[in-house]
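Bear in mind the structure is a predicted one, so any value in this text is a computation, not a measurement. Every chain is numbered from 1, with letters handed out A, B, ... down the list of sequences.
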Number of protein chains: 2
Amino acid sequence: MPDQPVDEGCSIAATLAAVGDRWTLLILRDLFRGVRRFEQLRSDLGISRNLLTDRLQRLVELEIVHRVPYQDRPIRHEYRLTAKGADLSPALVALMRWGDLWYAVDGPPTLLVHDTCGTPLDQAVSCPACHEPVGAQHIRSRPGPGRMTETTGADR
Amino acid sequence: MPDQPVDEGCSIAATLAAVGDRWTLLILRDLFRGVRRFEQLRSDLGISRNLLTDRLQRLVELEIVHRVPYQDRPIRHEYRLTAKGADLSPALVALMRWGDLWYAVDGPPTLLVHDTCGTPLDQAVSCPACHEPVGAQHIRSRPGPGRMTETTGADR
DNA sequence: CCGAGTCAGTTGCGTTTAGCAACTGACTGC
DNA sequence: GCAGTCAGTTGCTAAACGCAACTGACTCGG
């Protein structure tokens, strides 16, 4: 997928360049849920086969997903998240919460719970110094160590 | 923008249907950073004018962004996040962190800090009962109250 | 008051990407 | 040996994107 407008030097742009197309995050959502096989993914998502082939290949190249054989004769593979793929979990959680908040009139269609105790989970941005949650209006952005060049002033 | 494959009954799909195209999240990133005017957005993103017009209109329709006049003669508007738009902050933070983790070799290009104390922020999924952070492998998903119908078994 | 400049679009056109349907191929199981 | 499943591939059409040129409402400098 398309070389996104890759604003090098922005991690959001870098992430979207990797997984920011119409299907990839939905494929990953299914992988998190345990849907791992081509045909299952296809019918669950309603994606066409050629695109699914394409997106999975790309995810494998990016090492977000790996192919694991689950039978020989005929050889068939399933797709599993790598550590890099599993690290997308917070992003999917955040996207889900926004959908829950603004589009789920009767409450969330899916709850995320702690496996050991079954309690519904929280997600928060917080300040390790102040030990409190931080809302969007209290987040500032600053150039970090990985910034190459021209630090323009316009912060949040 | 395109009517995404809207798997109704999945908040991730609902969110992606709203903001999951090639440009929208980058536009929102800029709005969070304080870039608010058409021409600024255009040149910062390198997006073509027609698409920017289109995306902004859609964001206004969805009430993620609103148009505020900043001068008359000629009348000019800037685009600002609504509360709904501001609620996307955690999602952008999560996408940014993944990019930082996997693509920022020299450290993050941008740091998010607490406005009052300047401390770099954390984001975590946590269990309110156990009072501890919860990694991807300990998250289970369950049908929630907003689920309409056929609860298929395949959980995470 | 005329021409250059700015900002915010709109229009038109060619290229890319996506979506659909039909086909292949390696099997299993009856 | 024929139907069925799974995982693709190929070919064609439709939708989305990207670029460049044009419009329009102004301001400002001379």
| Single hit among A/R37, A/Q71, A/R67, A/E39 for side chain to side chain contact (heavy atoms under 4.5 Å, CB included) with A/R76 | A/Q71
| Start at the 5' end of DNA chain C and walk down; is the nucleotide closest to A/L51 or to B/I75 reached first? | B/I75
| remark: 5'-most contact on DNA chain D (nearest-nucleotide basis), B/G46 vs B/D72, goes to B/G46
| query | Would you say B/S11's side chain and B/A14's backbone share a donor-acceptor pair under 3.5 angstrom? | reply | no
| request: Pick base, sugar-phosphate or nothing for A/R76, based on heavy-atom distances below 4.0 Å to the nucleic acid. | output: base
| field | Any B/W23 side-chain N or O less than 4.0 Å from OP1/OP2 of D/dA16 | value | no
| query | Just how far, in rounded Å, is C1' of C/dT10 from CD1 of B/I47? | reply | 15 Å
| To the side chain of A/R55, which of C/dG9, D/dG18, C/dA18 is closest? | C/dA18
| message | As a test of reading the structure: which of C/dT11, D/dG8, D/dA21 is closest to the side chain of B/N50, going by heavy atoms? | response | C/dT11
| task | Find the distance B/Y70:OH to D/dT27:C1' and express it as a whole number of Å. | result | 13 Å
| remark: A/F38 has its side chain closest, among D/dA7, D/dC26, C/dG9, to D/dA7
| For the side chain of A/R49, counting heavy atoms from C-beta on, which of D/dT9, C/dA26, C/dA8 is nearest? | D/dT9
| query | Side chain of B/S48: nearest nucleotide among D/dC19, C/dA8, C/dA22? | reply | D/dC19
| request: Measure the distance from NE2 on B/H77 to C1' on C/dG9 and round it to the nearest whole Å. | output: 12 Å
| request: Round to the nearest Å and state the distance from B/L56 atom CG to C/dG9 atom P. | output: 8 Å
| query | How many angstroms lie between atom CG of B/D30 and atom CZ of B/R42, to the nearest 0.5 angstrom? | reply | 12.5 Å
| request: Give the cluster check for A/L111 versus B/V125: same hydrophobic cluster or not, with ILVMFWY residues linked at side-chain heavy-atom distances below 4.5 Å. | output: no
| task | Please state how far atom CG in A/D21 lies from atom C1' in D/dC17, giving the value in whole angstrom units. | result | 14 Å
| OP1 or OP2 of C/dG9 under 4.0 Å from side-chain N/O of B/Y79 | yes
| Any idea which of D/dA25, D/dC17, D/dA7 is nearest the B/R22 side chain? | D/dC17
| remark: From CD1 of B/I27 across to C1' of C/dA8 the rounded distance in Å is 15 Å
| message | Tell me the closest heavy-atom pair linking B/I47 and B/L41, and the distance in Å. | response | CG2-O, 4.5 Å
| request: Could you tell me the separation between the CZ atom of B/R36 and the P atom of C/dA8, rounded to a whole number of Å? | output: 13 Å
| note | Rounded to whole Å, the CD-P distance (B/Q57 to C/dT10) equals 6 Å
